Amino acid sequence: MRLTLDLAPVALVFLLSLRLAAVFFMTPVFSNLTRLNTVRVLFTLAMSVTLVLGLGLPVAKVDWGLGSLLLAAILEVVLGATLAFGVFAAFGVFSLAGKLLDIQSGFGLGTVFDPVTRASAPVFSSMLNLLALAVFFALDGHHAMMRGLAYSVQQVPPGSSWSGLPLEAVLKQFGLMFSLALALVAPCIFALFLVEVGTAVLSRALPQMNVLVLGVSLKIVVALVIFALSLGSALPLMGRIYASIFLYWEQVLT
């Protein structure tokens, strides 16, 4: 009695795990789990097996030679990195918006140490990054992300040919990051601009006053108050930021 082992499903799981690993390891959603690499690897393999078995991917017409498998693995990593860029750019909106506020408000003079990532970041950047993750999970963005990954498997099965890197979609997503970041903190930036104008007039009227110390304290208070007041109206814009991820994925995969 001779047993035969079909390696095609194993190769599919291997290729799909490379795509998912590029998405999970290169996006800010799972970047804070640096101490749980084993958990991330097991989660990636479990997701790959689930998608391969659940979607019933075709395996009969695929050439699983060593050269073809190596080429398919490279393409899967490139595709996963391209998909991860959409998530990275969306969360980069919050990081860029936070840096704009830090520079304008004066918080850029100091940094906050993050014990999880062991990195130092300004106050508004750290706060907006944490807010982005909280809102992402609150809006069931992780569920939409799982559905988007399943859609990517249906559109481009592991081992199949891919049309290539869509430079237009990448550049559009890159430019959208800057415009949405400015729109997210526009009320605060405008209020801080008025504070700058006011302190400039005050320095001309009272040259003996230390306007630098007064201006920094005033800008910090104004930035915190305006940011807190405008946070409720920024929720629709946050939804648009997360929606841009999946619009970008659709452009990449079609």
Side-chain angles (χ1 to χ4, degrees), residues 3-66 68-91 132-166 169 173 239 241-254:
L3 298 177
T4 58
L5 179 62
D6 187 9
L7 296 179
V10 179
L12 281 179
V13 172
F14 167 71
L15 292 176
L16 184 56
S17 64
L18 293 178
R19 182 190 305 185
L20 298 184
V23 175
F24 292 152
F25 282 76
M26 296 177 63
T27 53
V29 180
F30 299 96
S31 61
N32 290 332
L33 301 178
T34 54
R35 300 273 181 167
L36 301 175
N37 289 327
T38 303
V39 175
R40 290 198 288 180
V41 170
L42 293 177
F43 176 73
T44 302
L45 291 176
M47 281 292 301
S48 302
V49 173
T50 302
L51 290 175
V52 168
L53 297 179
L55 297 177
L57 299 180
V59 296
K61 298 182 180 180
V62 180
D63 180 17
W64 296 115
L66 182 59
S68 300
L69 185 62
L70 180 60
L71 179 60
I74 295 175
L75 291 177
E76 288 297 322
V77 173
V78 173
L79 177 57
T82 305
L83 296 177
F85 173 76
V87 186
F88 188 84
F91 282 90
L133 287 174
V135 175
F136 180 78
F137 286 102
L139 296 177
D140 289 334
H142 53 299
H143 294 164
M145 189 174 181
M146 296 299 107
R147 290 192 294 268
L149 292 174
Y151 174 77
S152 73
V153 175
Q154 291 175 336
Q155 292 295 113
V156 185
S160 62
S161 60
W162 181 44
S163 58
L165 183 64
Q173 185 73 3
I241 294 172
Y242 297 131
S244 67
I245 299 174
F246 309 107
L247 293 177
Y248 166 77
W249 281 14
E250 186 177 0
Q251 295 175 1
V252 168
L253 297 170
T254 53

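Remember, it's a predicted structure, so these values are computed and weren't measured experimentally.
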Take Val252 and Leu79 through the test side chain to side chain contact (heavy atoms under 4.5 Å, CB included) and record every step on the way to the result.
CA-CA 9 Å; Val252 168; Leu79 177 57; 4.3 Å; yes
Which residues pass the side chain to side chain contact (heavy atoms under 4.5 Å, CB included) test with Thr44, not counting sequence neighbours?
Ser17, Leu20, Ala21, Phe24, Phe25, Ser48
Side chains of Glu250 and Tyr151: does their closest heavy-atom pair fall under 4.5 Å?
yes
Output for pair (Tyr248 OH, Leu253 CG), nearest 0.5 Å, gives 9.5 Å
Value rounded to 0.5 Å, distance of CD1 in Ile74 from CG in Leu15:
11.0 Å
Taking only residues at least two apart or on different chains, which pairs with a member in residues 41-54 satisfy salt bridge (Lys or Arg N to Asp or Glu O under 4.0 Å)?
none
Using 0.5 Å steps for rounding, measure from the CE atom of Met145 to the CH2 atom of Trp249.
4.5 Å
Looking only at heavy atoms, which two atoms of Ile245 and Ala90 are closest? And how far apart?
CG1-CB, 3.4 Å
Separation between CG (Leu75) and OG1 (Thr82), nearest 0.5 Å, reads 10.0 Å
On a heavy-atom basis, which atom in Ala73 and which in Phe14 lie closest, and how many Å separate them?
CB-CE2, 4.3 Å
Between Leu12 and Pro158, the two heavy atoms sitting closest are CD2-O, 3.4 Å
Out of curiosity, Asp140 CG to Met146 CE, how far, rounded to the nearest 0.5 Å?
12.0 Å
What residues form a side chain to side chain contact (heavy atoms under 4.5 Å, CB included) with Val49, not counting sequence neighbours?
Val13, Leu53
With Phe91 via side chain to side chain contact (heavy atoms under 4.5 Å, CB included) - residues at least two apart:
Pro28, Val29, Val87, Ala132, Leu133, Phe136, Tyr242
Sequence neighbours left out, what passes side chain to side chain contact (heavy atoms under 4.5 Å, CB included) with Ala243? Give chain and number order.
none
Taking only residues two or more places apart in sequence, or in another chain, which ones meet Glu76 in a side-chain hydrogen bond (donor to acceptor under 3.5 Å, both in side chains)?
Arg19
Over all atoms of both residues, closest heavy-atom pair of Ala22 and Ala81
CB-N, 3.7 Å
